[in-house]
Amino acid sequence: MNKYIEKVLNGVKEKNINETEYLQAVEEVLISIEPVIAKHPEYEKIALLERMIEPERMITFRVPYVTDKGQTLVHRGYRVQFSSLIGPYKGGLRFHTSVNQSIIKFLGFEQIFKNALTGLPIGGGKGGSDFDPKGKSDDEIMRFCQSFMTELQRHIGQDIDVPAGDIGVGEREIGYLFGQYKRIKDVYEGGVLTGKGLSYGGSLVRKEATGFGLIYFMREMLANNNFSLEGKNVTISGAGNVAIYACQKAQEYGANVIAMSDSNGCIYDKNGIDIKVVKQIKEIERGRISEYLKVYPHAEYIECKGKDSPIWEIKTDIALPCATQNELTLNSAKKLVENGVFAVGEGANMPCVKEATEYFLDKNILVAPAKAANAGGVAISAVEMSQNSMRYYLSFEDVDKKLNDIMVNIFTSCKYAANEYGLGKNYVAGANIAAFTKLADAMTAQGIV
Ligand code: NDP
Ligand code: 2IT
C-alpha cells in the first residue's frame with residue numbers, strides 16, 4: 001500500500017476507535033484512490049487526505065420531547081458539517097434508533113464525494129437522531145421535529161447548511177422542521193431545507209429523484225455493457241422512498257420487480273410487485289410490507305432472521321439494495337452470484353459490506369456504487385435550492401430531464417475515471433477517483449484551511 005495512505009489510515013483508526021462505519025467508508029475511498037495519490041506526492045505535504053477525512057465541525061445536542069402520554073423522553077441530535085469546499089454543507093437527516101456518531105460521520109463523508117459527482121455547488125453534511133418515528137402519532141412527530149429544529153436552527157441556513165430527508169425523515173418531518181425554522185428565524189428562507197412539500201417551496205421530482213436516478217444510472221451502466229432492464233428480474237430491498245420509486249421506474253423500463261422488503265421481512269411476487277399497493281401500505285398507512293399478502297394472497301412473505309436478509313436468497317438478474325448500510329453481506333453476495341445475478345445497484349448508502357463488493361467485482365458483476373448511483377436525490381435537492389433562489393418553479397418534465405442528464409454525466413465520469421486508471425468496469429473505484437480528483441483540485445486551490 002502507498003505509504004502516505006497507510007499513514008493516514010493508521011491515524012484515522014487510532015483517533016476514531018469503534019467508529020466502524022466511518023472507518024469502513026474512509027478505508028474504501030483511500031484504498032481505491034491509490035493510483036491518484038501515487039501520481040501526486042505533493043498531497044502529503046499539504047495533508048490533503050487528513051483534511052479531507054476530518055469533519056470541519058461535529059455538532060451534538062439534546063432533544064427532549066413529551067409523548068402523548070405525558071412522558072418526557074430525551075434523544076441525541078447530530079449534525080456533521082463535513083465539508084464546505086464546493087458549496088454549503090448539504091445532506092439529509094436520519095431518524096432511526098441505530099443513529100450514532102459513526103453512522104452520521106460515514107454518511108457525511110460519503111456525501112462529500114456524492115455531491116461532488118453531481119457537478120452542482122453543494123458541500124457535504126449529514127445529521128439526525130436516535131429517535132424512532134415508527135408508531136408515533138403525528139403530534140409526537142411534530143413535537144420532536146420542533147424540539148430538534150430549536151437546536152439545529154442556529155447552525156443552518158440556505159447559504160450555510162441545507163438538510164433534507166433520509167431514513168425516517170420524509171415530507172411530513174420536513175414540513176414540521178421548516179415550520180419551526182421559519183417561526184424562530186422569522187424569515188421565509190425557502191432554500192434552508194429540501195424535500196419540502198410542493199405547496200410551500202418543494203420541487204417536482206424530488207420525491208422520486210433518488211429511485212428514478214438509480215434506474216437512470218443502471219440503464220446507462222447496462223447499455224454500456226450491452227444489457228438492458230427490459231424483461232429482467234429485479235429484487236429491491238427496502239420499501240421506503242428510494243425503493244418505491246426505483247421499483248416504479250424499473251417497471252416503466254420493462255423490468256419485472258419480483259421482491260421488496262422492510263426491516264421485518266420480504267415479499268416475493270413472481271407476477272411482479274404491484275407498486276401501488278406497496279405505496280398505500282408504506283407511504284400512506286405507514287404499515288408493514290407483510291400486509292401486501294392481504295391484497296395478494298398468492299405472494300410469499302419471508303421473515304428476516306439474523307444478518308443475511310432473505311431477499312438476497314431469491315434468484316434474480318439485478319439486485320438493488322435500497323434499505324440501509326451493510327445490509328448485503330458476503331454470504332448474500334455469494335448466494336446472489338450463485339443464482340446468476342449480473343448487476344447490483346446501490347440505492348442505499350454503503351449497503352454492501354466491503355467483502356461483498358469485492359466479491360462482486362471479482363466475479364465481474366457490474367456494480368453501480370452508492371455515491372454515484374443514488375446521487376439523484378441530492379442533485380434534485382440542489383435543483384430545488386436553485387428554484388427557491390430564482391423564486392420560480394420548473395415543470396416535472398424539466399426537472400426529470402435534468403435528473404436524467406445528471407445521472408448520465410455521473411455514469412460517464414465514473415467510466416472515464418475507471419478507464420483512465422486501467423480499472424476496467426470497476427465503477428466503484430471510478431466514482432471515488434472522479435469525485436476525489438475534483439475535491440483535491442478545489443482543496444489545493446483554496447490553501448490550507
Ligand atoms: P425510508 O425511511 O423511506 O425507507 C427505509 C426503508 O429501509 C424501509 O423500508 C425500512 O424498513 C428499511 N430499513 C431501514 N433500516 C433498516 C434496517 N436496519 N434493516 C432493514 N431494513 C431497514 O428511507 P429512504 O428510502 O429515504 O432511504 C433508504 C436508503 O437510501 C438509506 O441508506 C438512505 O441513506 C439512502 N438514500 C436516501 C436518499 C433520499 O433521498 N431519501 C438519497 C440517497 C440515499 P422499515 O419500514 O421496517 O423501517
Ligand atoms: O443520502 C442522501 O444523498 C440523501 N439522503 C439526500 C440528501 C439531500 O440533501 O437531498
Side-chain angles (χ1 to χ4, degrees), residues 21 87-99 103-104 106-115 117-118 120 122-128 132-135 161-174 191 193-196 202-203 205-214 236-247 260-267 278-279 281-283 285-291 304 307 309-311 320-328 346-352 370-385:
E21 294 85 1
Y89 309 108
K90 180 82 195 89
L93 297 172
R94 177 179 291 192
F95 291 169
H96 193 268
T97 47
S98 61
V99 164
I103 288 181
I104 295 299
F106 117 67
L107 289 163
F109 179 71
E110 297 265 305
Q111 199 81 45
I112 309 170
F113 290 78
K114 183 194 306 192
N115 294 4
L117 285 173
T118 66
L120 299 167
I122 38 179
K126 200 85 191 189
D132 181 7
K134 270 196 209 107
D161 183 354
V162 182
D166 194 81
I167 293 177
V169 178
E171 200 177 304
R172 173 182 60 169
E173 290 73 18
I174 294 293
L193 290 169
T194 59
K196 297 182 292 296
S203 172
V205 197
R206 174 60 189 91
K207 186 170 71 174
E208 295 84 356
T210 313
F212 280 17
L214 170 65
I236 306 180
S237 65
N241 175 263
V242 180
I244 285 175
Y245 293 97
C247 175
M260 291 182 81
S261 66
D262 63 17
S263 51
N264 295 108
C266 76
I267 50 166
V278 175
K279 273 189 195 173
I281 297 168
K282 298 297 288 186
E283 261 188 2
E285 293 163 16
R286 300 179 190 275
R288 309 309 304 158
I289 194 105
S290 54
E291 290 161 35
C304 185
K307 272 195 153 185
S309 169
I311 195 167
L320 303 177
C322 294
T324 194
Q325 67 275 352
N326 293 328
E327 55 163 311
L328 201 160
E346 297 186 320
N349 286 306
M350 206 168 74
C352 297
K371 288 183 198 81
N374 75 27
V378 76
I380 299 309
S381 277
V383 174
E384 181 174 333
M385 289 161 73

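The structure displayed is predicted, hence computed values, not measured ones. Any value given below was found using the heavy atoms of this structure, including those in side chains, with hydrogens, waters and symmetry copies removed. As the structure lists them, so they are numbered: ligands from 1, and atoms in each ligand from 1.
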Strictly under 4.0 Å, does any heavy atom of R94 approach an atom of ligand 1?
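Checking ligand 1 against R94, which is what was asked, there is a heavy-atom contact under 4.0 Å.
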
Could you tell me whether [X] and ligand 1 have an N or O pair separated by under 3.5 Å?
X    : result
G168 : yes
A239 : yes
K114 : no
N374 : no
N264 : no
N241 : yes

Identify, with sequence neighbours excluded, every residue that meets side-chain hydrogen bond (donor to acceptor under 3.5 Å, both in side chains) alongside E173.
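side-chain hydrogen bond (donor to acceptor under 3.5 Å, both in side chains) list for E173, sorted by chain: empty.
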
Looking at residues at least two apart in the chain, or sitting in another chain, which of them share a side-chain hydrogen bond (donor to acceptor under 3.5 Å, both in side chains) with N264?
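Only R288 meet the side-chain hydrogen bond (donor to acceptor under 3.5 Å, both in side chains) criterion with N264.
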
Between [X] and ligand 1, which part of the residue brings a heavy atom under 4.0 Å of the ligand: side chain, backbone, both or neither?
X    : result
H96  : side chain
T210 : side chain
R206 : side chain
K134 : side chain
C322 : backbone

Which heavy atom of the protein is the closest neighbour of [atom], given with residue, atom name and distance?
atom                    : value
atom 33 (C) of ligand 1 : D166 OD1, 3.2 Å
atom 24 (P) of ligand 1 : V242 CG2, 3.9 Å
atom 12 (C) of ligand 1 : A323 CB, 3.8 Å
atom 35 (C) of ligand 1 : N349 ND2, 3.7 Å
atom 14 (C) of ligand 1 : I167 CD1, 4.1 Å
atom 4 (O) of ligand 1  : G240 CA, 3.2 Å

Test side chain to side chain contact (heavy atoms under 4.5 Å, CB included) on R286 and R172; report intermediate values, then the result.
CA-CA 12 Å; R286 300 179 190 275; R172 173 182 60 169; 3.3 Å; yes

Could you tell me which atoms of ligand 1, counted from 1 in the order shown, lie closer than 4.0 angstrom to a heavy atom of [X]?
X    : value
K282 : 46 (O)
S263 : 11 (O), 19 (N), 20 (C), 21 (N), 22 (C), 45 (P), 47 (O), 48 (O)
A348 : 29 (C), 30 (O), 32 (O), 35 (C)
T324 : 15 (N), 16 (C), 17 (C), 18 (N), 19 (N), 32 (O)

Of N115, T194, T118, the residue whose pairing with K90 passes side chain to side chain donor-acceptor pair (under 3.5 Å):
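The option that passes is T194.
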
Charged N to carboxylate O under 4.0 angstrom, K207 versus E171?
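So K207 does not pair with E171 through a salt bridge.
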
Counting C-beta onward and ignoring hydrogens, is there a side-chain heavy-atom pair between D161 and P163 closer than 4.5 Å?
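Yes, at least one pair of side-chain atoms sits under 4.5 Å.
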
For D166, enumerate each residue passing the salt bridge (Lys or Arg N to Asp or Glu O under 4.0 Å) test, keeping only those at least two apart in sequence or located in another chain.
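D166 satisfies salt bridge (Lys or Arg N to Asp or Glu O under 4.0 Å) with R94, K126 once adjacent residues are dropped.
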
How would you list, by chain and number, the residues with a heavy atom under 4.0 angstrom from ligand 2?
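Residue list for ligand 2: K90, G91, G92, Q111, K114, K126, A164, G165, D166, R206, N349, G377, V378, S381.
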
